[in-house]
Amino acid sequence: APVTLGEGGTPLIEAEALAGTIGVARLRIKDEGVNPTASFKARGLSAAVTHARGAPGIVVPTAGNAGAALAAYATAAGMPARIFAPATTPRPILDTVRAYDVTLELVDGHIGDAGKAARAYAAEHGWFDVSTCRVPYRTEGNKTLGIELAEQLGWRVPDVIVYPTGGGEGIIGMWKAFQELIGAGWLPADTVLPRLIVAQAAGCAPLVRAFAAGADHAEPWQDPVTKAAGLRVPGPLGDRLVLRALRATRGAAAAVDEATIQRATRTLANATGVDAAPEGGAALAVLADLVRDGTIPRDADVVLFNTGAGASYRE
């Protein structure tokens, strides 16, 4: 029986005015901020906690939203959980974690430092570690991003998907889902996979740097800095799979600075009514840049993901 809080079923919002401003034929916003605990992380943690039933407890390192999701789903499963988060995590997200009967450990540094602490605790106590890409279950849960999108589009796919990317589980899940849908006959055999676009912050862009260099893996980013907490992942464990997905789909990766993210977040909210997170703002700004430089053609049908709720970042 799945551990579920009603995740998924998020709206796909037509953004005609914004499409005209950006200069693409069609733009829709997939708003993941309306999930339980206010981010797409609910999808993967539902699957991971379902699998982890029977373990003595669950741990996760988090830049913020995964911790809030684990707190909720572990509570729903009646399991103890321990969340390791950087002390710089936005306070509203930490307050969400504290609302549940779980243990929150704040660590100095970034999510990589939280990961070391989480792995050490899991090894010492025999708890189940649901870190991004360390087990397959979160990726399996995130396949629903792609399955649901294809369903909402009448069993077809858009030309381009722009996804704000930290650890990479969303990109990996969708890439896997689309291939499986073709294999199962839910998408036509001649379906061209969407071009997957990774959006990162200039202060933490290991995947962008690796993609530009033609590398098959991403070197850790030193001193990551961005207010988009979900993008503050200096050493994504799924780097090789993300880079493979980008190249297999003729995709791209680009980053934008903090001032640009802030402006684009306001634009996304004011043009659509979506409570945009800074990660969604980063995706919009990257989309605009790639349309301007010709990487994304102006006749493209684009889906942009807002991966979390803006309210989680406002203090």
Side-chain angles (χ1 to χ4, degrees), residues 10-32 40 145-165 168 170-182 185-200 205 207-208 211-212 214 242-256 260-261 263-274 276 279-307:
T10 59
L12 185 63
I13 299 164
E14 195 78 46
E16 292 182 14
L18 198 51
T21 301
I22 297 293
V24 292
R26 193 167 191 180
L27 175 60
R28 282 165 284 205
I29 312 300
K30 184 70 167 153
D31 185 15
E32 291 294 293
F40 84 101
L145 291 162
I147 296 168
E148 190 175 296
L149 179 58
E151 181 184 25
Q152 289 174 312
L153 295 177
W155 301 109
R156 52 174 293 275
V157 294
D159 299 324
V160 176
I161 292 174
V162 186
Y163 200 89
T165 304
I171 286 281
I172 297 166
M174 285 190 287
W175 184 43
K176 192 169 190 285
F178 293 139
Q179 294 176 86
E180 291 180 359
L181 287 170
I182 292 170
W186 284 96
L187 291 174
D190 61 354
T191 294
V192 176
L193 293 182
R195 296 178 64 189
L196 298 174
I197 309 295
V198 158
Q200 294 199 294
L207 293 166
V208 175
F211 184 79
V242 172
L243 292 166
R244 280 175 55 193
L246 297 187
R247 295 186 176 114
T249 63
R250 304 162 295 110
V256 286
T260 302
I261 291 173
R263 288 194 299 271
T265 303
R266 287 197 299 267
T267 297
L268 179 55
N270 291 329
T272 65
V274 168
E279 291 85 354
L284 181 63
V286 163
L287 171 61
D289 283 353
L290 295 184
V291 171
R292 276 193 295 269
D293 71 15
T295 301
I296 295 175
R298 292 186 177 273
D299 63 354
D301 177 0
V302 180
V303 170
L304 182 149
F305 277 79
N306 177 57
T307 49

For this session: Decide yes or no for Ile182 and Leu193: does some side-chain heavy atom of the first lie under 4.5 Å from some side-chain heavy atom of the second?
Result: yes
For this session: Look up atom OG1 in Thr191 and atom CG in Leu181, then write down how far apart they are to the nearest 0.5 Å.
Result: 9.0 Å
Exercise. Is any side-chain heavy atom of Leu284 closer than 4.5 Å to a side-chain heavy atom of Ile29?
Worked result: no
Seminar exercise, completed: Residues at least two apart in sequence or cross-chain that pass ring-ring contact (aromatic ring centres under 6.0 Å, His included) with Tyr163, listed by chain then number, are Phe40, Phe305
Problem set entry | Glu16 atom CD: more than 12 heavy-atom contacts under 6.0 Å | no
For this session: Apply side chain to side chain donor-acceptor pair (under 3.5 Å) to the pair Glu32 and Thr10, showing each step before the final yes or no.
Result: CA-CA 6 Å; Glu32 291 294 293; Thr10 59; 2.5 Å; yes
Exercise. Just by modelled atom types, is the Pro164 backbone N or O under 3.5 Å from a matching donor or acceptor in the Glu279 side chain?
Worked result: no
For this session: Taking all non-hydrogen atoms of both residues into account, name the closest pair between Ala252 and Thr295 and its distance.
Result: CB-CG2, 4.1 Å
For this session: Please report the closest heavy-atom contact between Ala199 and Val162, naming both atoms and the distance.
Result: CB-CG1, 4.5 Å
For this session: Output, in order, the C-alpha distance, side-chain angles, deciding distance and verdict of side-chain contact (heavy atoms from CB on, under 4.5 Å) for Trp186 and Glu151.
Result: CA-CA 9 Å; Trp186 284 96; Glu151 181 184 25; over 6 Å; no
For this session: Could you tell me whether the side chain of Gln152 reaches within less than 4.5 Å of the side chain of Arg28, counting heavy atoms only?
Result: no
Problem set entry | Taking every non-hydrogen atom, the tightest pair across Gly23 and Val291 | O-CG1, 3.9 Å
Exercise. Taking only residues two or more places apart in sequence or in another chain, which ones pass side chain to side chain contact (heavy atoms under 4.5 Å, CB included) with Thr21?
Worked result: none
For this session: Please assess Asp299 against Asp159 for the test side-chain contact (heavy atoms from CB on, under 4.5 Å), listing each intermediate value before the final yes or no.
Result: CA-CA 9 Å; Asp299 63 354; Asp159 299 324; 5.9 Å; no
For this session: Could you check if a side-chain atom of Thr249 sits within less than 4.5 angstrom of a side-chain atom of Ile161, using non-hydrogen atoms only?
Result: no
Exercise. Does the side chain of Val274 come within less than 4.5 Å of Pro11's, by heavy atoms?
Worked result: no
For this session: For Arg195 and Arg250, indicate whether the former's side chain and the latter's backbone hold a donor-acceptor pair under 3.5 Å.
Result: yes
For this session: Measure across Leu290 and Asp293 and return the closest heavy-atom pair with its distance rounded to 0.1 Å.
Result: O-OD1, 2.8 Å
Exercise. Which distance, rounded to the nearest 0.5 Å, do you find between the CD1 of Ile147 and the CE of Met174?
Worked result: 12.0 Å
Problem set entry | Pairwise distance CG(Leu187) to CZ(Arg156) - rounded to 0.5 angstrom | 10.5 Å
Problem set entry | Which residues share a salt bridge (Lys or Arg N to Asp or Glu O under 4.0 Å) with Arg263, sequence neighbours left out | none
Problem set entry | For Val157 against Pro194, the heavy-atom pair lying closest together | CB-CG, 3.7 Å
For this session: Using a 4.5 Å cut-off on heavy atoms from C-beta on, say whether the side chain of Val302 contacts that of Ile22.
Result: no
Seminar exercise, completed: Rounded to the nearest 0.5 Å, the CD1 atom of Ile172 sits from the CG atom of Leu145 at a distance of 12.0 Å
Exercise. What are the two closest non-hydrogen atoms of Leu153 and Pro158, and how far apart are they?
Worked result: CD1-CD, 3.6 Å
Problem set entry | Test side-chain contact (heavy atoms from CB on, under 4.5 Å) applied to Val160 and Leu196, Ile197, Leu27, Asp301, the passing residue | Ile197
For this session: Report the distance from atom CD1 of Ile171 to atom CG of Leu207, rounding to the nearest 0.5 Å.
Result: 9.5 Å
